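Note: hydrogens, waters and symmetry copies are ignored here, and every other heavy atom, side chains too, is used. Predicted model, so just to flag it, every value in this text is computed and none were measured. The chains referred to below are lettered A, B, ... by the order of the sequence lines, with proteins before strands, and numbering in each begins at 1.
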Amino acid sequence: MLKITHFLKSKKTWFYILISLLLIALPFMVSEYITYVVVLTLFYAMIVSSYDLLLGYAGQLSFCQGAFYGIGAYASALFSIKAGFPVYLSIPLSVVITALVAAGVGYPALRLRGAYFAVTTFFLAHFVYLIFLNEVWLTNGPLGLRGIKPLEALGGIDFSSTTNYYYLVLVCFAASIYILYRTANSNLGKMFISVREDEDLAESFGINTSLYKLVAFVISALVAGIAGGLFAHFFRLLHPSTFTWLTSEMVVIMTLVGGIGTIFGPLIGASVVMFILEFLRFAPELRFVIWAVALIIILIYEPRGLVGLVERIRRVKR
Amino acid sequence: MILEVNGLTKHFGGVRAVDNLNLVINQGEIVGMIGPNGAGKTTTFNLITGILKPDSGTVKFKGENITNLKPFQIARRGIVRTFQIVKYFPNVTVFDHIYIGAIAKNGLRADRKTLEPMVNETLQFLHLKDKKNVLVKSLTIPFKKRVELATSLVLKPKLLLLDELMAGLNPAEIDEYLELLRKINRELGITMIVVEHVMKAVMRLCQRIIVLHFGRKIAEGPPEEVSRNPEVVRVYLGEGAKYA
Ligand SMILES: Nc1ncnc2c1ncn2[C@@H]1O[C@H](COP(=O)(O)OP(=O)(O)OP(=O)(O)O)[C@@H](O)[C@H]1O
Ligand SMILES: [Mg+2]
């Protein structure tokens, strides 16, 4: 009982309730176009906050979240197109594939420390992009993969409608954030932190650092794979250009902008970045210049990202 | 016999850091390891704990050959060490630092109800209670060393290797540590190898002392005997009165 009253009194609780209500009411308040952008933002939010588990908690810099997003998307699309699987099966299968690729690459690559691992993941991202682009027999190459089925209706809910799909994505998003948050604050999360803080010391305390790095890497890939699968059957057209190394770079930027090691910070980062990018659509060349400048400014003035900025504002107010 | 080292050798280029070293450590002992700078003490610790792989020789712990195991596997078997240049997790609180050790020891499934008392007990034992919620990076070096030691203890090691734990402490603090180490040895039943340059402390604490010089063992025995050994005297006088 005491817990519940405490829960209701906390400002944080009300903040989360407010955000949840806003997200639930969103399709009724804004145009379909905005809802559509929010769906895309939710995908990025999932990719970015799972990446935070790898970067912010386990301390491993990687540049291939975009590739895992792409593998999830292409694998699910192909399972449904080529094998005729229902989407309810093709998405889980694509997630398994994504996790297997992550494990297969991560196992040897994570034995390399620091920069070597990061460089390996960079090449992975490019390699995966080249497969999407050049293996025409499988991916239809630069023409893109068309005719991807929408998620089959379930219990009378038609998921080809943006609004209904939005709710589905919202549920998946909320579930993954919840699980990521719980993981980050569990014993497993503490093991990740020990790896980030000092790998040699962790090892000398009996912590199997290679294993935990791999686990963090696979979890981050897995969530990106889910987002990819959901994306494929929402957008229903896949093109290699969505999954270039720039996508992976953007994930890193969003995470840094939001503030690493918080799970929630990167969510803010993803939202801010996505909306800025949408508004800068009229000037595609300019987007990345503005980006780079914004990032440099943030890293100079508030290396902890937007979360750090919010904390600083709060402190000033007091 | 808890630890047995045979013919351990490690070269760095032309430097013989450890040269055909044989050691026997018995259960319950506090053994001192001394020697001038560069004698190979830290390298010996690195070889025992698997951080470095020896060029030749073996390390046996409780009868098992552990020479080719990874550092974390060796730690799990019960050999834990502290580092000469203190190592710590900077951005966690003292409590969480030790808590991480408790998870490492008891597994991911262990819940807070089981782990918290262990952490609190360790905090109490090392008089760190009032620093519980402080970030480790903001502590002074002696306190950082204390946190490193505390985390080592929560791992309940069988053999503890301490690399210059008392360097930089004042005489009163050294006295406190000597008492503490005896208590760890007696009450927790932990065998120890202690590397120290503070000669008086080693002499008072240890039943047996091993002297290294250029990677070789040049003397071994009870403190009084070793301090009268002519070769040891020569080595230390050669070094000047630095450690007198
Ligand atoms: N990683 C390394 N690479 C190259 N040489 C090394 C390395 N580690 C130690 N050495 C060399 O090996 C020798 C033994 O060094 P070690 O650190 O074991 O000595 P020590 O007895 O611990 O000395 P100190 O009392 O100064 O701590 C020294 O000559 C040192 O320069
Ligand atoms: Mg040393």
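Across all non-hydrogen atoms, the minimal contact from A/Ile207 to B/Ala104 is CG1-CB, 3.5 Å. Taking both residues in full, the closest heavy atoms of B/Arg76 and A/Asn208 are given as NH2-N, 3.9 Å, listed atom of the first, atom of the second, then distance. Closest approach of A/Ser194 and B/Ile100 over heavy atoms only: CB-CG2, 3.8 Å. B/Ala75 approaches A/Ser204 most closely through the heavy-atom pair CB-O, 3.4 Å.
Within a 6.0 Å sphere centred on NZ of B/Lys53, other residues, nucleotides and ligands contribute more than 12 heavy atoms. The neighbour count for B/Phe125 CZ, taken as heavy atoms of other residues, nucleotides or ligands under 6.0 Å away, is above 12. Counting heavy atoms of neighbouring residues, nucleotides and ligands inside a 6.0 Å radius, atom CG of B/Leu188 exceeds 12 of them. Atom CD of B/Glu116 has more than 12 heavy atoms from other residues, nucleotides or ligands within 6.0 Å. The neighbour count for A/Arg182 CZ, taken as heavy atoms of other residues, nucleotides or ligands under 6.0 Å away, does not exceed 12. The local environment of CZ in A/Phe123 is sparse, with at most 12 non-hydrogen atoms from other residues, nucleotides or ligands closer than 6.0 Å.
Rounding to the nearest 0.5 Å places CD of A/Glu199 at 10.0 Å from NZ of B/Lys87. The OG1 atom of B/Thr82 sits 10.0 Å away from atom CG of A/Leu201, with the distance rounded to the nearest 0.5 Å. Taken from NZ in A/Lys190 to CG in B/Leu108, the straight-line distance is 11.5 Å, to the nearest 0.5 Å. Note: A/Phe205 CZ to B/Ile103 CD1 = 12.5 Å, rounded to the nearest 0.5 Å. The line from CD1 of B/Ile51 to CD of A/Glu203 is 8.5 Å long, rounded to the nearest 0.5 Å.
When B/Gly50, B/Gly101, B/Pro90, B/Ala110 are compared by the number of non-hydrogen pairs under 4.5 Å with chain A, B/Pro90 comes out ahead.
When side chains are defined from C-beta on, B/Phe89 counts as touching A/Asp198, because their heavy atoms get closer than 4.5 Å.
Heavy atoms closer than 4.5 Å to chain A are found nowhere in B/Ile74, neither backbone nor side chain. Of the atoms belonging to B/Val92, heavy atoms from both backbone and side chain fall under 4.5 Å from chain A. With a threshold of 4.5 angstrom between heavy atoms, A/Ile193 approaches chain B through side-chain atoms but not through N, CA, C or O.
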